[in-house]
Amino acid sequence: MEHFVSIEQLGYNDVMNLINRAIDYKQGLTNTIKGHVVNMFFENSTRTKTSFEMAEYHLGMHVINFDADHSSVKKGETLYDSLLTMKALGVNAAVIRHSDSDYYKPLMDVGIKIINAGSGVGEHPSQSLLDMMTIYEEFGQINGLTVAIAGDLSHSRVAMSNAKLLYRMGAEVLFVGPECYHEKSLEKWGRYVSMEEALNHADVMMLLRVQLERHTAEESLSQEEYHQLYGLNKDNYPLLKKNAIIMHPAPVNRNVEIADDYVECPQSRIVKQMENGVYMRMAILESVMGE
Ligand code: CP
């Protein structure tokens, strides 16, 4: 891959190759990749930024962390010009998170490999792949599973990437959420159902963070109301199938999307998703760097 920017680039076999390579890394495979990589995060991150850094260190890459708040971005430098500068300085690859859903489109010919670490409400492809890895590890397949994605669908780049990829991998996709968070375009890959139907049928119950920072005043729903109607709570937890797993890309709003008690319960794979992020990002970096 020259760049890694969208789920649209990946066919079934590409996804399976990346999952299997990430599992190899998890089982102890070591590898060294030459190159200078810069991490450029223009939106906050705990997991994605740190797991890309860990992946880069494990691969022996030279890692540069771009500090946007103390850079010439504050003087009006554009993303294109920041990247052009990185290219001139000898950097080979850039891991970028940005609020613009299409930020990467004008950057494809700068001469640096672009790895999308989250683009506005557009895509979060590395999160989607680590989610596929987590599901595959659990069930040995993705094809034929029912996966429910519940929450703040219209503001979620994770929902967008996962809906596309789950559909491509042969899963049945169900969506749950308040009408004010419904996203019409998701209906290409799945159907809207009630929380009760989702809990009754899902092999994977995937909860999404309520993204208050992207909401307008009209979209506000009280946290208590959300938890009772669309969260995994003490009343509806018994409906979850006994062999189903619970996922959430995190950060979690405890007692909003999921009751505190269930974040680390035996059916939860939320911590495993974080762990798998390092190995999947090693596989992605390897694929993009061509070694
Ligand atoms: N899941 C995820 O993208 O988390 P961060 O925002 O902390 O990177």
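Throughout, numbering of the chain's residues begins at 1 and tracks the sequence. No hydrogens, no waters, no symmetry mates; every other heavy atom, side chains included, goes into these values. Atoms within a ligand are numbered from 1 in the order they appear, just like the ligands themselves.
Here the side chains of E138 and T134 are not in contact, with every heavy-atom distance at 4.5 Å or above. Contact check for E286 versus Y25: side-chain heavy atoms found under the 4.5 Å cut-off.
Ionic pairing of K241 and D203 is present here: one or more N-O contacts between side-chain nitrogen and carboxylate oxygen are shorter than 4.0 angstrom.
For atom 4 (O) of ligand 1, the closest non-hydrogen atom on the protein side is R47 NE, 3.1 Å. Looking only at heavy atoms of the protein, atom 6 (O) of ligand 1 is closest to R97 NH1, 2.9 Å. For atom 7 (O) of ligand 1, the closest heavy atom belonging to the protein is T46 N, 2.7 Å.
When only modelled atom types and interatomic distance are considered, Q267 and Y237 share a side-chain donor-acceptor pair under 3.5 Å.
The residue A117 has no part lying near ligand 1, judged by heavy-atom distances below 4.0 Å.
Nearest-heavy-atom check against atom 3 (O) of ligand 1 across Q127, H124, H248 picks out H124.
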_Quick one, Y192 with H182, criterion ring pair (Phe, Tyr, Trp, His ring centres under 6.0 Å). Give me CA distance, side-chain angles, the key distance, then yes/no._
CA-CA 9 Å; Y192 282 91; H182 281 197; 3.9 Å; yes
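The aromatic rings of H62 and H36 stand perpendicular to each other, their planes meeting at an angle above 60°, with 30° marking the opposite boundary.
Using a 4.0 Å heavy-atom cutoff, A250 is listed among the residues neighbouring ligand 1.
Of the polar atoms of S45, at least one N or O is found under 3.5 Å from an N or O of ligand 1, judged by distance alone.
In the vicinity of P249, heavy-atom distances shorter than 4.0 Å reach the ligand 1 atoms 1 (N).
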